[in-house]
Amino acid sequence: MSDLDVDELPRQQHDSDGSDEVGWKLPVAAAVLGALVTATFVIFVVVTGPTNDTTAPTTPAAEASDVPDGYSESNNDVAFRAELLETGSDHTTVFVSSVAIRGTDPVSVTPEEAAAWSLRSDGVEVLAISQYAANAAPGAVTVEFDQAVDPDGVTLTMTLPGSTETATDRVSISSVLPVVLNDHRIVAEGYTIVIDELVIGDGWGLMRWHLEDGVAAKVDVVVRFGGTNEPSVLVSAYSVPTSSVAEPTPPAPLWLRADSVRLVQVGAELSDSNSPTDISIDFSVSVVVEPGRSIDVPVRTVLEP
Amino acid sequence: MNSRTIALTIVAFFIGVLAASSIGVSVIRETSAVDDATSSPPSDAGSLGEYFIDPDETLIASTALVPLSVETAGTSFAIEYDLVSLAPAAGAPSITLRTPVGLKMVQQDVLPFVFPEFWVLRTPTGTIEGGPDDPGDRTARFELPAGLSVDDVLSIEIVDPLMAFPMDVRFELSDGAPEAEPVEGLRLELVSVLVDRNLTFIRVSVDLDDPAILLLDIEGVGSRWLRAVWDPDGLGTVDLIWVGDDPPEVMSFRAHGVQWIEIPGSYPVSIGQLP
């Protein structure tokens, strides 16, 4: 038997190119890389949120509103609410406010006007006898009823004008002042406005009218004194812009079924040297031909006697 | 690189991920707890929910009351606020604001449509009342009892605010009944009757309670009345002028304008987010 040369032993017992050895650098680098990736994710979560779903819920953030709670829309721009309804022994007064809605700028929104108001309670409906506004309280209206109402379950309803028509009429009369015109009738779209009395004086006047049938109307008048040396007219007091802090202008009337209008002089005063030879009276009437949408207006507070 | 090294590399990567994750989860949980603490709701009752101008607004009729700031000085506590009108006002003219100290023309947007006169603070020991001094004031002031601070305020409410609404009332004056009070806070008295040729000047004095009626016009009811003329010095008198023969013994007049109406009810105020 001969001695074997170690160098001749089969090579498979040895890795002569080093492939059987474990490189530690790469695994260490991989572990570090894994930790870095995870750390990056954690930082992202902390910085950006949201937090874990198991946290306690927070109060919902306030949201910009199109229409305030408790208001009813009349159109795309305006909503109404009655702040107070006061009912007495024989009358009821309702104070109504309105707001510009849907983010519109209030100074660019024209106040909405109702043609009629009604109260319903216990199956009884009462129509308003008057409504009025004021230049110093835009969007607010005070509505008057000549009856008391049962405040329990009362419903306030406003009716919009819908379609309206305007008609004019002219009357020529003598120039002897004072002049009184009684029971003059003007028809507009089948509706009759009665001028109960028109009194014309030297620098003053008064007109009373009522709507014989229909929902509501507006009536205006201009009295022209012809033949004067200097122009002189009588107009409704509310149509004259305020010229002096001592003589403010009343508000224009709203849609009504009856009203009285004071007339004031514009232009030169009448006198012996400036006297008229004739007088012409120009009426302008507007009537609600078809009532518009009816809207129930919420009432916030009711006061009983 | 042999297969063992590759396998070890993959395992080492996930070991690194697991190790970092165990720390990262703790960090996330801790930061979540901090977020919960800072997003808790304000302690006072405010007008949360829908809003028009500001999330902390209090809507009173057509006016949004917006708290601006809170100031404390010793036992004094004040809330400054703004009043923003939401009332449609296109075409509204400048008006004359007649006050007992004179007449002045004001722009529409500076009028106080709401006067939140009475405020109530609720604390664990009771209530404290306060408010602004007049309609033009925009600061509600309170005096806190000793031992209480702003932090003790549980809720804030405005109670029974005054709101501006149109007014149109009739009244009569005569020698036999020279005084009238057609609405609360408006007193009129026949002062004198002077005849000058074909004109009769009826002078009426006007007395107003605080807060004064915002706008007031008086005119005669009937055909022979000229426009009323107010004393431009604001001394509280108005001349109503009758044309022609003697005026009626009982003279009818109309007072119209804008009056303060008290609206019963309470309106919560939120100051939770103010500095």
Side-chain angles (χ1 to χ4, degrees), chain A residues 19 22-23 26-28 30-35 37-39 42 45-46 51-52 55-56 58-59 62-65 68-69 78 83-84 95 97-100 106-111 132-142 199 201 203-206 242 245-248 250 262 264 301, chain B residues 2 4-5 8-9 12-17 19-21 24 27-28 31-32 35-36 39 41 48-52 55 59 61-62 85-93 95-96 103 105 111 163-166 168 214-215 217 219 223-224 226-227 229-230 232 243 256-258 261 263-265:
Chain A
S19 61
V22 176
L26 198 55
V28 169
V32 172
L33 178 62
V37 168
T38 303
V42 169
V45 169
V46 170
T51 55
N52 196 301
T55 56
T58 60
T59 300
E63 298 178 349
S65 171
D69 286 341
V78 183
E83 303 300 328
L84 177 65
F95 300 95
S97 64
S98 64
V99 294
V107 297
S108 69
V109 178
T110 302
Y132 42 91
N135 292 334
V141 62
T142 301
V199 183
W204 51 268
L206 180 77
T242 298
V245 296
E247 298 181 6
R262 185 167 57 84
V264 297
T301 306
Chain B
N2 58 28
R4 291 176 63 187
T5 302
L8 196 59
T9 300
F13 176 83
F14 283 106
I15 290 173
V17 169
S21 296
V27 171
I28 290 173
T31 54
S32 299
D35 285 348
D36 284 348
S39 63
L48 299 178
E50 300 178 324
Y51 67 93
F52 264 76
L59 191 61
S62 60
S85 175
L86 301 173
I95 60 94
T96 300
L103 300 170
M105 196 76 75
L111 284 179
M163 303 180 192
F165 278 100
D168 195 334
L214 284 174
L215 180 67
D217 292 316
E219 60 184 60
S223 60
R224 290 182 176 270
L226 298 182
R227 270 197 275 191
V229 179
W230 288 80
V243 179
H256 58 88
V258 175
I261 298 293
I263 306 296

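Note that the coordinates shown come from a computational prediction; the quantities given were computed from them, not determined experimentally. Each chain gets a letter, A, B and so on, in the order its sequence line appears, and its residues count up from 1.
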Could you report the tightest heavy-atom contact between [X] and [Y], atom names first, then the distance?
X	Y	result
A/Glu83	B/Ile263	O-CG2, 3.7 Å
A/Thr142	B/Pro166	OG1-O, 2.8 Å
A/Trp204	B/Leu226	CB-CD2, 3.6 Å
B/Ala90	A/Thr110	CB-N, 3.7 Å
B/Val258	A/Ala134	CG2-CB, 3.4 Å

Next on the checklist: If I take atom OH from residue A/Tyr132 and atom CG from residue B/Asp168, how far apart are they, to the nearest 0.5 angstrom?
Outcome noted: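 Spacing of OH (A/Tyr132) from CG (B/Asp168) equals 5.5 Å.
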Item to check | Gap between atom CZ of B/Phe14 and atom OG1 of A/Thr38 - 0.5 Å precision | outcome: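 Reported to 0.5 Å precision, the distance equals 10.0 Å.
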Checklist entry - Okay, side chain of A/Thr301, backbone of B/Pro264: is any donor-acceptor separation there less than 3.5 Å? => result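 Yes: the side chain of A/Thr301 pairs with the backbone of B/Pro264.
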Checklist entry - So which of A/Val37, A/Val28, A/Val141 has the biggest tally of heavy-atom pairs under 4.5 Å with chain B? => result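 It is A/Val141.
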Item to check | Partner chain B: residue of A/Pro111, A/Ser108, A/Gly203, A/Gly139 with the largest heavy-atom pair count (under 4.5 Å) | outcome: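 Option with the top pair count is A/Pro111.
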Next on the checklist: Less than 4.5 Å to any heavy atom of chain B: does that hold for the side chain of A/Val264, its backbone, both, or neither?
Outcome noted: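 Only the side chain of A/Val264 comes within 4.5 Å of chain B.
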Checklist entry - B/Ser85 versus A/Pro106: any side-chain heavy-atom pair under 4.5 Å? => result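 No, side chains not in contact.
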Item to check | Contact leader toward chain A among B/Gly257, B/Gly16, B/Ala164, where contacts are heavy-atom pairs under 4.5 Å | outcome: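 Heavy-atom pair counts peak at B/Gly16.
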